[in-house]
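Structure first, commentary second.
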Amino acid sequence: MTSILRYMSQTLPAAVSRNIAKFQEAAEHAAENFSHGAAAARQEMLRRIVKHCAEFQTVDLGRSLGQTALSLALYVGAAALMILAVKIGYWPLALVMAPVTGLFLVKLFTIQHDCGHGSYFKNRRANNLLGFIISLLTFTPYAFWRDAHNRHHASSGDLDRRGVGGVDTLTVPEYRALTPAKRIMYRVYRHPLIMIVIGAPLYFIVLQRLPLAGPMPFAETYQGMKARHVWKSVAALNIALVVLYGGLSLWLGLGTVALVFLPVVTIAAWAGSWLFFVQHQYEDTYWAQKPEWNYAEAAVFGSSHYKLPQPLRWVTGNIGLHHIHHLASRIPNYRLMECYRASEDLLSLPVMTIRESIRCARLALWCPARRKMVSFSAA
């Protein structure tokens, strides 16, 4: 609009041009006022949401204990049925049951996740003890994951602090500046087949057995963690895994243990990694540099509300309400939906459906000019 007015002011008589110039100035001033008004309204909404979410950061001990008991019973019961099926020769039945058992394992991971945020019990030691016990089932070193994940929360959406705990994401200019070899590495890493189908179970079962916390070979801005901060957690879990699954193998047989637990962990890794991916890697997500970066904006506008059907909401610990979780990570998973339904502001925010989330798989780069995630072809 302003460019058209500018052209007209340059081609029409002086008197008319002056009037157009005044109209142009008024239009630009109105647009600026609208922009400032929208920004002020956005900040006011954020303040209301922050205040609202703070009211739900309380633990209900009975619900925490009840959820833990039920989740462990469902997982152990399903795994026991799979073991029985294998032992009596019906191993195909065990494989059919693996997706259900894997989803119960996802549920347990959400409890481990809450423990890592200190939101499941009031007592820190109780959180850490339960988190470590569940890590024997999720194959995820609890202390290392806790620290890495909390780093992710503190720096989500911050282009200056990308690093451990999140999906590696380059900007379009950074990608263009890579050497051809590093471009290939990044494209391979971001391919859904590699990142989710192959990479997720490889990471959970194999790579988490190693104290790896350094940068990816293509990420010049990656901020890793020192190996000495990682190895104790990794080593402690590795020893515990050998004792637990080694003992089960001596009792039940290595083949039985492998046929039961490897498919289950693989399915849980697929589900969990996809959830983590779509929670931040969608088109209109939030990335910014300081001083523009803002924690509340990054949490609310850089984390999705992934709308799932009721059974999957329970299995995933309501983690689809990821914008609430990132803003107030001390809210237990069983209070997230309650928090969401009690706020008109939260109810007004965009929602991502399962069908819409599939399109996120093609997104791989943040475009600062368009302020959107884009595909390689659009870069």
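We count residues from 1, following the sequence as given.
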Would Trp251 and Val260 show up in the same hydrophobic cluster when neighbours are defined by side-chain heavy atoms closer than 4.5 Å?
-> yes
Stepwise side-chain hydrogen bond (donor to acceptor under 3.5 Å, both in side chains) check, Trp366 with Tyr286 | CA-CA 9 Å; Trp366 171 253; Tyr286 175 101; over 6 Å; no
Relative to each other, are the rings of Tyr186 and Tyr175 parallel, tilted or perpendicular (30° and 60° limits)?
-> tilted
Here the pair of heavy atoms bringing Gly317 nearest to Lys107 is CA-NZ, 4.1 Å
Shared hydrophobic cluster for Leu103 and Val100 (ILVMFWY, side-chain gaps under 4.5 Å) = yes
Which side-chain hydrogen bond (donor to acceptor under 3.5 Å, both in side chains) pairs, counting each pair once, include a residue from residues 190-209, with sequence neighbours left out?
-> Thr140-Gln208, Thr169-Arg190, Arg190-Gln281, Arg209-Asn238
Give the cluster check for Val315 versus Tyr334: same hydrophobic cluster or not, with ILVMFWY residues linked at side-chain heavy-atom distances below 4.5 Å.
-> yes
So Tyr295 and Trp293, would you call those rings parallel, tilted or perpendicular, with 30° and 60° as cut-offs?
-> perpendicular
Could you give the distance from NE2 (His325) to CG (Asn318), rounded to the nearest 0.5 Å?
-> 11.5 Å
Is there a side-chain contact between His52 and Glu344, using heavy atoms and a 4.5 Å cut-off?
-> no
Closest heavy-atom pair, Phe56 versus Ala342, reported as atoms and distance to 0.1 Å, is CZ-CB, 4.1 Å
Looking just at side-chain N and O atoms, do Tyr282 and Glu356 make a donor-acceptor pair shorter than 3.5 Å?
-> no
Between Val167 and Tyr189, is any pair of side-chain heavy atoms under 4.5 Å apart?
-> yes
Nearest heavy atoms of Tyr120 and Val59, plus distance in Å | O-CG1, 3.2 Å
Gap between atom CE of Met45 and atom CG of Asp345 - 0.5 Å precision | 6.0 Å
Check: Pro201 and Val265 side chains under 4.5 Å, non-hydrogen atoms | no
Within a strict 4.5 Å, meaning less than it, do heavy atoms of the Ser156 and His326 side chains meet?
-> yes
Do Arg187 and Phe376 have side-chain heavy atoms sitting under 4.5 Å apart?
-> yes
Examine the side chains of Gln43 and Asn294 and answer whether a donor and an acceptor come within less than 3.5 Å of each other.
-> no
Supply the atom-to-atom distance Met185 CE to Lys182 NZ, rounded to the nearest 0.5 angstrom.
-> 7.5 Å
Rounded to the nearest 0.5 Å, what separation is found between the OG atom of Ser303 and the NE2 atom of His323?
-> 8.5 Å
Would you call Arg162-Glu174 a salt bridge at under 4.0 Å N-O?
-> yes
When you check the side-chain N and O atoms of Tyr142 and Asn128, is any donor under 3.5 Å from an acceptor?
-> yes
Exercise: identify the closest heavy-atom pair between Met352 and Ser304 | CE-CB, 3.9 Å
Indicate the ring-plane relationship of His305 and Tyr340, choosing parallel, tilted or perpendicular according to the 30° and 60° boundaries.
-> perpendicular
Considering only heavy atoms from C-beta outward, does the side chain of Trp145 approach that of Ser233 to under 4.5 Å?
-> no
In the single-linkage hydrophobic clustering (I, L, V, M, F, W, Y; side-chain heavy atoms under 4.5 Å), do Val351 and Trp274 co-cluster?
-> no
How far apart are the closest heavy atoms of Leu46 and Ala296, and which atoms are they?
-> CD2-O, 3.9 Å
Examine Phe204 together with Trp270 and report whether their ring centres are nearer than 6.0 Å.
-> no
Show your working on salt bridge (Lys or Arg N to Asp or Glu O under 4.0 Å) between Arg371 and Glu292 and close with a plain yes or no.
-> CA-CA 13 Å; Arg371 301 185 71 82; Glu292 179 188 350; 2.7 Å; yes
Side chains of Asn333 and Asp114: donor-acceptor distance under 3.5 Å anywhere?
-> yes
Spacing of Thr316 atom OG1 and His322 atom NE2 [to the nearest 0.5 Å] | 11.0 Å
Go through the side-chain N and O atoms of Thr58 and Arg335 and say whether any donor and acceptor fall under 3.5 Å apart.
-> yes
Got more than 12 heavy atoms from elsewhere within 6.0 Å of CZ, Arg313?
-> yes
Looking at Arg42 and Glu297, does any basic side-chain N land under 4.0 Å from a carboxylate oxygen?
-> yes
Note: Ile267 and Gly102 closest approach over all heavy atoms is CG2-CA, 4.4 Å
Hey, could you give me the CG/CG distance between Leu349 and Leu347, rounded to the nearest 0.5 Å?
-> 8.5 Å
Taking C-beta and beyond as the side chain, do Thr171 and Leu365 meet within less than 4.5 Å on heavy atoms?
-> no
Relative to each other, are the rings of His113 and His149 parallel, tilted or perpendicular (30° and 60° limits)?
-> perpendicular
Does a side-chain heavy-atom distance below 4.5 Å link Ile49 with Cys53?
-> yes
Donor-acceptor pair between Tyr75 and Thr101 side chains, under 3.5 angstrom | no
Spell out, yes or no, whether Leu321 and Ile319 are grouped together once hydrophobic residues are joined by side-chain heavy atoms under 4.5 Å, including indirect joins.
-> no
